Every structure is written in C-alpha cells, then in structure tokens.
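Structure first, then comments.
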Amino acid sequence: MTATDPSPNHLQLTRDGQLRHFLTLDGLGRELLTDILDTADSFIEVGERSIKKVPLLRGRTVVNLFFESSTRTRSTFELAAKRLSADVLNLDINTSATSKGESLSDTLLNLEAMASDMFVVRHSQSGAPHFIAESVTPGVAIINAGDGRHAHPTQAMLDMLTIRQHKSRFDGLKVAIVGDVLHSRVARSQIRALNELGAEEVRVIAPGTLLPRDVENLGCTVEYDMSKGMKDLDVVIMLRLQKERMEGALLPSEREFYRLYGLSQDKLALARPDCIVMHPGPINRGVEIESAVADGPQSVILNQVTNGIAIRMAVMSMAMGGQMAERQQKQIENEGIRA
Amino acid sequence: MNASQQHHSASLKITGGTLFDGSSAPFPNPGLLIREGKVAVLGAAALSANADDVFDASGCVVSAGFIDLCCNLREPGNGQKGNIATETRAAAHGGFTTVCASPETSPVNDSGAVTHLIREGAASRGVVKVLPIGAITRGLEGDMLSDMAGLKSAGCVAVGNGSRGIRNARILRRCMAYAQTFGLTVMFSPENQSLAADGYAHDGQVATRLGLLGIPEVAETAAVMEMLLLAEETGVRLHLSQISCARSVEMLADARNRGIQVTADVAMHQLAFTEAALAGFDSRFHVRPPLRSEADRQALLAGVRSGVIDAIVSQHQPHDSAAKQAPLPATEPGLSSIESVLSLGLKLVAAQELSLPRLLAALTGGPAKVLGCTTVLSEGAPADLCIFDPDGHWAPSARTLMSVGHHAPLMNVELPGRVKLTLVNGQVAWSDTE
C-alpha cells in the first residue's frame with residue numbers, strides 16, 4: 001500500500017514540467033538539470049559586466065529565510081536575487097521568532113502577509129522546505145538552500161556547473177566524494193546529480209561511521225581506503241568535517257582522520273593528472289585538505305563560489321517563471337469557465 | 001434503528017450474516033438473541049423468540065467485539081489531543097468494544113488514584129470498556145518501581161512503560177521480578193534507547209535518501225533479546241508491544257519454543273505500510289517504532305498468520321493538528337488509527353496477505369489471551385460485538401472521524417469495511433445511521 005505519491009515532482013514541477021519550487025534533485029531529469037546549467041552559463045556573462053543586473057525579477061520580493069546560520073550561501077543567494085533586480089529581505093530566524101516559541105507555520109503566515117514572491121529556505125531539519133512548499137499560498141516559490149541532511153540542490157548544481165566548465169562533459173567521468181557523507185546534504189544531492197547527468201562512477205570514500213546505511217542504493221560505490229579510491233579520478237570532492245564529530249564516537253581524532261582521509265599532495269598524485277579538486281566550503285585546512293592542495297593549480301574551489309551566484313540566478317528565475325506560467329494558465333482556465 | 005431506540009430496547013435479535021464468535025471459524029449466523037446486555041440465545045431458537053428490535057445482518061459479519069491492547073485515550077491531561085468520550089467513540093466506530101488505556105497520560109497512571117480517575121471517566125463518559133495499563137516505573141521515568149500491587153487492586157490489567165524503554169537493565173530485571181510477584185503481565189515496547197538515539201525513521205534506504213535520522217533494527221532486536229532473557233530468568237509473563245522487525249518475529253518464535261511465557265502484538269500500520277510511506281516527508285507516518293522495510297512487513301504478516309504474533313493493535317495516538325503541522329523531524333509520532341484498523345485489515349484480506357478469520361482472531365481471541373480472559377460470543381457471555389459490512393465503504397475525513405486526531409493513515413480515500421453496529425454489554429456504542 002502506498003500512502004502518498006513518493007515522487008516529489010507533483011510539488012516542485014508544473015503540469016508541463018517547469019520548475020515552480022526547487023526542493024530536491026530527486027525526480028528531476030537530465031534535460032531539466034542541463035537546462036539549469038545552460039541558464040546559469042548565460043548568467044555568468046552578467047557577472048562580468050560593469051552593470052551586473054538583469055530585470056527578470058524586478059518588482060518581486062525574495063525573502064531569505066535562514067533558520068540555520070550561513071554566510072556564503074546566504075550572501076550568494078542575496079547577490080543572485082539582486083542581480084535579477086528583486087527586492088531582498090534577509091531574515092535570520094535563528095535569533096528571532098522561533099526562539100520566542102512561535103511555530104514554523106505561524107512564522108510563515110506572518111511572512112506571507114508581507115506579500116513575498118519567493119522564500120529561500122535553509123533549515124536544520126530534513127524536509128522543512130517540503131513542508132513550507134506544501135503550506136504556502138499558491139504562487140509563492142520555495143528554493144531549498146539546504147535542509148538537515150536531506151538536500152542542498154543549488155550547491156550540487158553549482159558543483160555540476162564547475163565540473164562541466166572544466167571537463168566539458170559528464171559521460172565517462174569518475175568522481176569521488178570524500179569524508180562525512182553521513183551528515184552531508186551536499187553529498188546526497190551531488191550523488192543524485194552525477195548519476196542523472198551520466199557520470200561513469202561515483203565513489204564515496206569514508207570510514208564506516210561516516211556513511212549512511214545502504215549508501216550504495218543512492219548510486220555510488222564505497223571505498224574505505226583513500227589511496228585505492230583516488231585511482232583514475234577526474235574529480236575529487238572533499239566534504240567539510242564538523243569539529244563536533246569527535247564527540248559522538250564517530251572518529252577518534254582530527255589527526256587520524258587527516259592521515260587517512262585528508263587530501264594531501266601525495267594522495268592527489270594518485271588521481272589522474274588533470275583531476276580537479278572541489279570543496280563546498282568553508283574549508284578546514286589541515287583537517288580534510290592540505291593548504292597546498294586547496295590553493296594549488298588543480299583546485300577549483302573559488303570557481304565554485306562564482307558559479308554559485310549564476311546557478312542561484314538560474315534556479316530563481318526558472319522557478320519564478322514556472323509560477324508565472326502556472327498563474328497565467330489558471331487565469332486562462334478561469335476565463336474559459338466564465339465564458 | 002437508531003441509537004436512542006436501541007438504548008431503551010431490552011432485547012435485540014440479530015439475523016443473517018456470518019458469525020465469528022472469537023474462537024472458532026466463522027459460520028452462518030444461526031440467530032442471535034441479546035437480552036439484558038448478554039447473549040441470551042445463540043441458535044435457531046433465537047429466530048422464533050420475541051425481541052423488541054431486529055437487526056438484519058445479511059451480507060455482514062457479526063463478530064465478537066475487537067479488543068485493542070494499545071490505545072491512547074489522552075485522558076487525564078491531554079484534552080487538546082483527545083479524551084475518553086471522543087476516543088472511546090472512535091474505538092466503537094472502529095468495531096472495538098474493549099481498549100487498554102496506555103499509562104502515558106498526564107499525570108502518568110502510576111498510582112491507584114489515577115487508575116480510579118480513568119475508570120470513573122470511562123464509566124461516566126466512555127462508550128466501550130476501558131482497561132487501564134499501569135506504569136511499571138514511577139512517572140515512566142525508568143528509575144523507581146511503581147506501586148504495582150496498588151495498581152493491580154485499583155484495576156490495572158497489566159503494567160508497562162508505555163512507549164518508553166527502560167534504560168537500565170538492572171532496573172528492568174527488578175521491574176519484571178516485582179511484577180511477577182503479583183502475577184502481573186508486563187508490556188514493553190522493545191527499544192534500546194541508546195541505539196535509537198535521536199532517530200525517528202527506519203534506518204534504511206528511505207532515511208538514507210531523505211537524510212532522516214535512522215532507528216536501526218538492532219535498537220529493537222537487542223531490546224527484544226534482553227527482555228526475553230530477563231523474562232526467562234524472572235518467570236514473568238512478558239508481552240512485547242508493537243514489534244516491527246523480521247528478526248524480532250524469529251526471536252519470539254524461538255523463545256516460545258523454549259517455553260518462555262511471551263506474547264506479542266503488532267500495530268496494523270506496520271502490516272499495511274513500509275518506510276516508503278515517508279517519501280515526500282509525510283509526517284503522519286512518523287510513528288514509533290518506525291515503519292520498516294517490505295521484508296519486515298512480510299515477516300510480520302507471516303507472524304500474524306502463524307500465530308507467533310498474537311494480536312493486532314491500533315496503537316491509536318490522536319494529536320491536535322499543531323503536533324503534526326511541522327517539518328517531519330519536529331512532529332510528534334503516532335497515527336489516529338483506531339477507526340481504520342478494520343479497513344486496513346480488510347485491504348490485506350483483499351490482497352490475500354491475511355485471511356479474514358486470522359484477522360478477526362488477532363483482533364479478538366488473540367488479545368483476549370494476552371489479557372488472560374476469553375471473549376467467546378456464547379450464551380451467557382456479555383453482548384460485546386460489532387457488525388460490519390465488509391463490502392461497504394467509507395472514507396476517513398475530518399467529518400467522518402470521531403477521534404479528535406484527524407491524521408488517519410489514509411485520508412479521503414474510499415476504504416472497505418463499514419461498521420454498522422457496535423454493542424457493549426448490549427448497549428449501542430456505535431450505530432451507522434447513514
């Protein structure tokens with residue numbers, strides 16, 4: 001017996017397959033993902049102009065709803081919205097409403113009363129953007145800026161854009177994701193995107209305590225030994241290791257983790273010579289990555305940040321476009337009924 | 001016939017349909033006469049007897065009333081989630097005539113005074129029989145023994161720790177040894193709290209994909225093993241509440257073969273759904289123990305078919321809407337399920353996963369055996385029964401549900417099995433007037 005439609009698409013896609021929310025990469029096909037990458041490509045050029053604005057979201061209000069603190073993601077979303085000419089409101093909910101005991105539903109009702117057009121949501125609980133998308137008034141777009149351990153779809157897409165820029169393709173690529181996969185929403189979205197876009201192999205490299213149960217089902221292979229796992233790699237993605245992981249007996253020490261799973265120049269030498277090095281940031285130098293690698297010629301970490309703005313512009317404009325198209329469609333239908 | 005008429009009629013004749021008396025195989029109803037709250041005649045003689053009212057049960061099943069070993073009535077203390085009046089009415093709507101009331105109330109049912117409060121509430125406002133389960137530790141905290149002898153004399157039929165485990169094995173052992181002194185059955189939901197940690201979903205492929213915090217199977221199986229060994233040593237009668245894993249069923253069967261006095265139940269939603277129900281972050285299916293894999297579901301069904309699992313329960317947990325209106329990890333666990341148990345069971349029968357006699361036995365004779373009583377619908381027995389139309393339909397909705405909780409497992413979906421009449425001591429507890 002199935003209780004609900006397991007695919008999230010009824011929620012995030014319009015009837016004709018356009019984005020109206022951006023919650024997860026689950027269920028989005030290769031064509032749509034490529035569309036996002038192509039749209040982002042066209043926005044990269046905007047960032048290189050002296051006047052870095054396009055009027056796609058003029059007159060629209062975008063609310064950055066961050067229930068969990070973030071500097072990089074929030075500022076790139078803010079810049080992206082401003083470059084699309086939207087009005088932006090930044091709300092750090094951590095320190096306001098919810099700490100006064102207001103429920104998420106009540107916070108949302110208040111924000112909707114301000115006639116916002118889009119919420120960019122970061123939340124520590126998996127599924128929070130889904131919940132918000134299900135509860136908001138039709139016409140308001142929800143963009144997931146990271147929820148719990150579930151998904152970080154804009155981060156994964158900016159990583160895909162970075163890979164495409166350097167490798168110009170996904171077919172045949174061997175990609176490894178190294179480190180704390182268990183707690184990582186980034187890794188879950190990356191594995192999904194790489195599989196959909198046709199990468200040949202996605203490997204996760206981590207000790208057993210940092211891997212979720214049956215991780216292979218996500219579409220990856222598991223390697224415990226990093227020196228074996230580095231072989232033939234085209235792309236290596238390092239994940240951030242949170243310091244508090246030592247406390248729950250997941251790891252003995254940062255030193256042992258760095259020795260086994262940190263990306264040093266020696267380990268990088270085992271990959272293909274043109275292997276690129278990525279990291280969603282912020283970096284822990286000397287914990288998951290050696291400084292010389294992070295700043296070295298194979299590192300594309302700063303490209304990722306630049307691409308983050310373009311991807312977020314693409315997703316925001318596409319979701320707003322989907323919402324507009326749906327609204328027009330409904331208007332036409334209503335007029336049809338009246339006539 | 002409507003409820004008020006029936007209340008005043010001293011006798012009722014039920015004709016036609018199939019009769020399930022709670023123990024033997026179903027047979028055509030030879031005629032059933034109810035007089036002064038009891039089964040007066042069961043047999044052809046009933047047909048010729050005079051009665052104030054006649055109920056034509058053609059096409060229906062006349063069954064011994066269902067018994068629920070795990071139900072939360074939310075009284076005392078949680079009026080926004082439900083109360084004895086609303087939740088016993090919901091039970092009657094589901095065909096139940098007896099429910100065991102969980103000790104997880106506020107205050108906790110850990111003293112004779114609270115037990116009396118529940119029994120008085122049930123007598124004045126309840127429409128089905130309410131059997132309180134006492135808390136085995138004070139405040140369900142798992143630290144100190146409750147006054148079990150006092151609970152027993154106040155009317156508790158068993159003692160347990162609600163949905164909370166007991167962290168300390170030494171205390172668990174003493175709980176069992178003390179309960180055994182008074183011949184009390186102990187009821188535990190097996191969960192090792194340190195292994196379950198902060199989890200709220202089955203540690204399997206859905207939780208991995210959605211990034212939900214998992215409760216591994218071993219959180220249950222380790223606790224089952226510990227409890228079986230302690231029950232064997234202390235000689236207590238152990239009842240395992242709401243098992244969810246295939247391995248638990250195996251261990252249970254082994255323990256029975258070794259002669260350990262152990263019984264078990266499973267929640268109907270564990271038989272009907274799997275972890276897949278959480279895809280889309282549907283917070284209704286945030287239940288504890290969590291919905292597990294299809295292999296686990298199959299093993300649980302096999303356990304019910306073979307009788308290793310004695311009873312099917314509702315694990316009814318009504319909530320106010322705010323408790324479920326939040327991102328899944330922030331919601332409270334539990335379904336408003338007691339009105340849907342029969343319908344979900346009939347869907348399993350239709351899918352040939354369970355036979356109708358086995359389903360009914362797990363809702364009547366099975367739970368009665370756990371409680372150490374019999375419920376056979378026979379001459380002289382209390383007239384606790386339900387009459388349902390297996391081919392009739394209904395759709396759970398805010399309008400049709402009697403419970404305060406509107407988070408039934410399937411909402412606004414046509415379900416098979418419509419309860420036409422529920423009698424408790426011959427009194428109408430539910431009558432389908434539509």
Side-chain angles (χ1 to χ4, degrees), chain A residues 1-12 23-27 67 98 103-109 121 123-135 146-152 181-189 191-192 211-220 248-249, chain B residues 194 197-218 268-269 271-286 291 293-294 297 321-331 335 343-344 347-348 350-351 353 408-411 413 415:
Chain A
M1 252 180 259
T2 325
T4 44
D5 179 1
S7 108
N9 286 343
H10 68 285
L11 201 55
Q12 62 179 356
L23 308 173
T24 168
L25 300 181
D26 278 4
F67 295 88
T98 45
S103 78
L104 179 52
S105 307
D106 289 332
T107 306
L108 284 175
L109 287 175
V121 181
H123 202 286
S124 60
Q125 281 161 340
S126 301
H130 274 77
F131 170 72
I132 294 171
E134 279 167 346
S135 10
D147 61 327
R149 300 179 184 183
H150 170 231
H152 196 345
V181 177
L182 177 67
H183 297 91
S184 179
R185 53 192 170 214
V186 176
R188 284 178 176 78
S189 290
I191 295 170
R192 169 82 195 100
L211 290 172
R213 166 70 70 98
D214 299 333
V215 65
E216 298 88 344
N217 287 343
L218 298 178
C220 57
Chain B
S194 65
D198 300 322
Y200 46 79
H202 170 57
D203 194 23
Q205 52 179 335
V206 174
T208 292
R209 186 160 52 80
L210 296 183
L212 304 175
L213 272 60
I215 300 176
E217 274 173 39
V218 71
M268 177 55 88
H269 49 259
L271 300 175
F273 302 100
T274 65
E275 57 179 340
L278 283 180
F281 298 98
D282 190 339
S283 67
R284 278 178 307 157
F285 292 97
H286 173 198
L291 295 171
S293 69
E294 177 62 18
R297 190 182 78 88
S321 63
K324 286 285 186 185
Q325 292 275 315
L328 186 139
T331 55
L335 283 159
S343 295
L344 293 179
K347 283 183 75 118
L348 296 173
E353 295 190 307
L410 294 170
M411 288 291 284
V413 177
L415 297 178

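Letters A, B, ... mirror the listed sequences (proteins, then strands); counts begin at 1. Any value given below was found using the heavy atoms of this structure, including those in side chains, with hydrogens, waters and symmetry copies removed. Quantities reported herein were computed from a predicted structural model and do not represent experimental measurements.
With hydrogens and angles disregarded, no donor-acceptor distance shorter than 3.5 Å links the side chain of Thr208(B) to the backbone of Val215(A).
Of the two parts of Glu134(A), only the side chain, counted from C-beta on, holds a non-hydrogen atom closer than 4.5 Å to a non-hydrogen atom of chain B. At a 4.5 Å heavy-atom cutoff, Ala151(A) makes no contact with chain B through either its backbone or its side chain. Contacts of Arg188(A) with chain B are made by side-chain atoms alone, with heavy-atom separations under 4.5 Å and no backbone atom involved.
In this structure, the separation between CG on Asp282(B) and CZ on Phe131(A) is 12.0 Å, given to the nearest 0.5 Å. Annotation: the span from Asp203(B) atom CG to Asp214(A) atom CG amounts to 8.0 Å, rounded to 0.5 Å.
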Would Leu328(B) and His130(A) count as a side chain to side chain contact (heavy atoms under 4.5 Å, CB included) if you check the C-alpha gap in whole Å, the side-chain angles of each, and the deciding distance to 0.1 Å? CA-CA 10 Å; Leu328(B) 186 139; His130(A) 274 77; over 6 Å; no

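Considering all non-hydrogen atoms of both residues, Gln325(B) and Ser105(A) come closest at O-OG, 3.5 Å. Taking both residues in full, the closest heavy atoms of Phe281(B) and Ser126(A) are given as CE2-C, 3.7 Å, listed atom of the first, atom of the second, then distance. Of all heavy-atom pairs spanning Gly204(B) and Arg213(A), the tightest one is CA-CG, 4.2 Å.
Each of Leu213(B), Leu212(B), Leu210(B) was checked for a side-chain contact (heavy atoms from CB on, under 4.5 Å) with Arg149(A), and the lone residue meeting it is Leu213(B).
Between Arg209(B) and Asn217(A) there is no side-chain heavy-atom pair separated by less than 4.5 Å.
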